[in-house]
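Letters A, B, ... are given to chains in the order of the sequence lines, protein chains preceding strands, and every chain is numbered from 1.
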Protein chains: 2
Amino acid sequence: MKSEKISDAVVRRLPVYLRFLNELSLREVPTVSSQELGQKLDLNPAQIRKDLAYFGDFGRKGIGYDVSYLIEKIRQILNLDQQINVALVGAGNLGQALSNYNAYLKDNMKIVAVFDAAPSKIGSKINNITVQPIDELVETVKALGIRIGIITVPHFEAQRVADQLVAAGIGAILNFAPTILKVPPEVRIHAADFTTDLLSLAYYLHDGKELTSNES
Amino acid sequence: MKSEKISDAVVRRLPVYLRFLNELSLREVPTVSSQELGQKLDLNPAQIRKDLAYFGDFGRKGIGYDVSYLIEKIRQILNLDQQINVALVGAGNLGQALSNYNAYLKDNMKIVAVFDAAPSKIGSKINNITVQPIDELVETVKALGIRIGIITVPHFEAQRVADQLVAAGIGAILNFAPTILKVPPEVRIHAADFTTDLLSLAYYLHDGKELTSNES
DNA sequence: TAGATTGTTAATCGATTAACAATC
DNA sequence: TAGATTGTTAATCGATTAACAATC
């Protein structure tokens, strides 16, 4: 175990490893090599070994990695050996879609509160959770020990919601709104804005003008 | 204008610039400096100047960038000076949420077809588009000149859908399913899997065990 | 023992940032 | 002219990959 600073690029690959290891575990595969992981995940095997070695000596020379053991270790690294409570702010279509994924998220991360500004939404139930007004955000986040917030409100409300999440002592935010949020440095933000992703894909459509329809 | 290879990191920042420039344009701000862009977008001004300089000399020394002109140029770079047709595959909650964003996406990128495997969904309308069976995917993609596919089907169907999109001649895929898709190198893939994002956020919740509730 | 595969160092590659001459 | 800001080169920083001794 080193105590170097771990880069975000490394941290973001850990859940990818975890996801594939969970599949292997379901299939009762006992061990896996960095080479096989690399093939399946489109990553360089040396990179995978290096990523894992930041956190400990998890593998066995000549053998590879024990699947169950590695799952346990990665969960520990990601703080997923305890339940992590999540708040969802914005009960629109996207928010509802995400809350349905609650089931798919491995048990240890759970949406436990949903907030919205619209009176029409408040009091309704989303996946068995009653939608609360945003006024109650700070109080509820503190009361339930919520550590992560997901923002799915319109972009013009996103900063205000972020401010409240910060005021409530949240540790990290997943932001689906197309805005750059300003938060104190101790709060981690990941941008999950798919419009950016989608627009950038258009760049790679070279030579394509001749592919459009209606040219006859 | 250089003809160096542009890195993906640069390309992914272009839509971020574009989004902010569109805001400035609405407010009728005539010019903007790399310094101001950097402040608002949390980026280094030198990086912004360098990014833009890959594609041309868009700025004026002592003045900055003309907002309207830069918008026009970035749109051209991203191939957004023509309409780009998009197919959405998977009409579940997430797919429906995304299709609602059609309105928000600047006009030139448009979801023009929606597909699903479930008989119960086929024939229904999502944002005025009739959901078609996946069997019709290849034919429709070709007929409508669709260039980008968005995958929002369950993970176990994602590779099959990707194969069909590729067979139909698609140029790029935005993949929301939690799987690494295998496609030929000429097809561009962006992973938009938010479970990975969310799990990696947990890493940054250090010191937090004492924050959980129910410890009394 | 022979083959496989890790953990780690060194080499490479690429991306970000600083600095500044050019110039509006 | 003086101040501002670009475009670009050079310096720095960081991430990826190759290579290999250690060892199961």
Colleague: Check this for me, if you would: do A:R12 and B:D197 make a salt bridge, where the nitrogen-to-carboxylate-oxygen distance has to be below 4.0 angstrom?
Modeller: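 Here A:R12 pairs with B:D197 in a salt bridge, since their nearest N and O are under 4.0 Å apart.
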Colleague: Could you work out which one of D:dT16, C:dT17, C:dC24 sits closest to the side chain of B:Q47?
Modeller: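 Closest of the options to the side chain of B:Q47: C:dT17.
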Colleague: Identify whether any heavy atom of B:R49 sits under 4.0 Å from a base atom; if not, whether one sits that close to sugar-phosphate; answer base, sugar-phosphate or nothing.
Modeller: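 The answer is base, as B:R49 lies within the cut-off (heavy atoms under 4.0 Å) of a base atom.
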Colleague: So, is B:Y54 close to the C:dA15 phosphate, meaning a side-chain N or O under 4.0 Å from OP1 or OP2?
Modeller: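 No, no such contact exists.
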Colleague: Choosing from D:dT5, C:dT16, C:dG7, which nucleotide comes nearest the side chain of B:S33?
Modeller: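 Selected nucleotide (nearest to the side chain): D:dT5.
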Colleague: Among D:dT16, C:dC24, D:dT9, which nucleotide has an atom closest to any side-chain atom of B:K50?
Modeller: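 Selected nucleotide: D:dT9.
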Colleague: Does a nitrogen or oxygen in the side chain of B:S34 sit under 4.0 Å from OP1 or OP2 of D:dT6?
Modeller: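 Yes, within the criterion.
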Colleague: Toward the 5' end of DNA chain D, which comes first, A:R60 or A:R13, by nearest nucleotide?
Modeller: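 This one resolves to A:R13.
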Colleague: I want to verify a distance call: between C:dT8, C:dT17, C:dT6, whose nearest atom is closest to the A:A53 side chain?
Modeller: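 From the listed options, C:dT8 comes nearest.
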Colleague: Would A:R19 and A:E23 pass as an ion pair if we require N to O under 4.0 Å?
Modeller: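 No.
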Colleague: Any carboxylate oxygen within less than 4.0 angstrom of a Lys/Arg side-chain nitrogen, looking at A:D81 and A:R75?
Modeller: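 No, A:D81 and A:R75 are not salt-bridged.
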Colleague: Can you tell which of D:dA18, D:dT6, C:dT17 lies closest to the side chain of A:N44?
Modeller: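 Among D:dA18, D:dT6, C:dT17, the one nearest the side chain of A:N44 is D:dA18.
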Colleague: Select one nucleotide: of D:dA15, C:dA15, D:dA22, the one nearest the side-chain heavy atoms of A:S7.
Modeller: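 The closest nucleotide is D:dA15.
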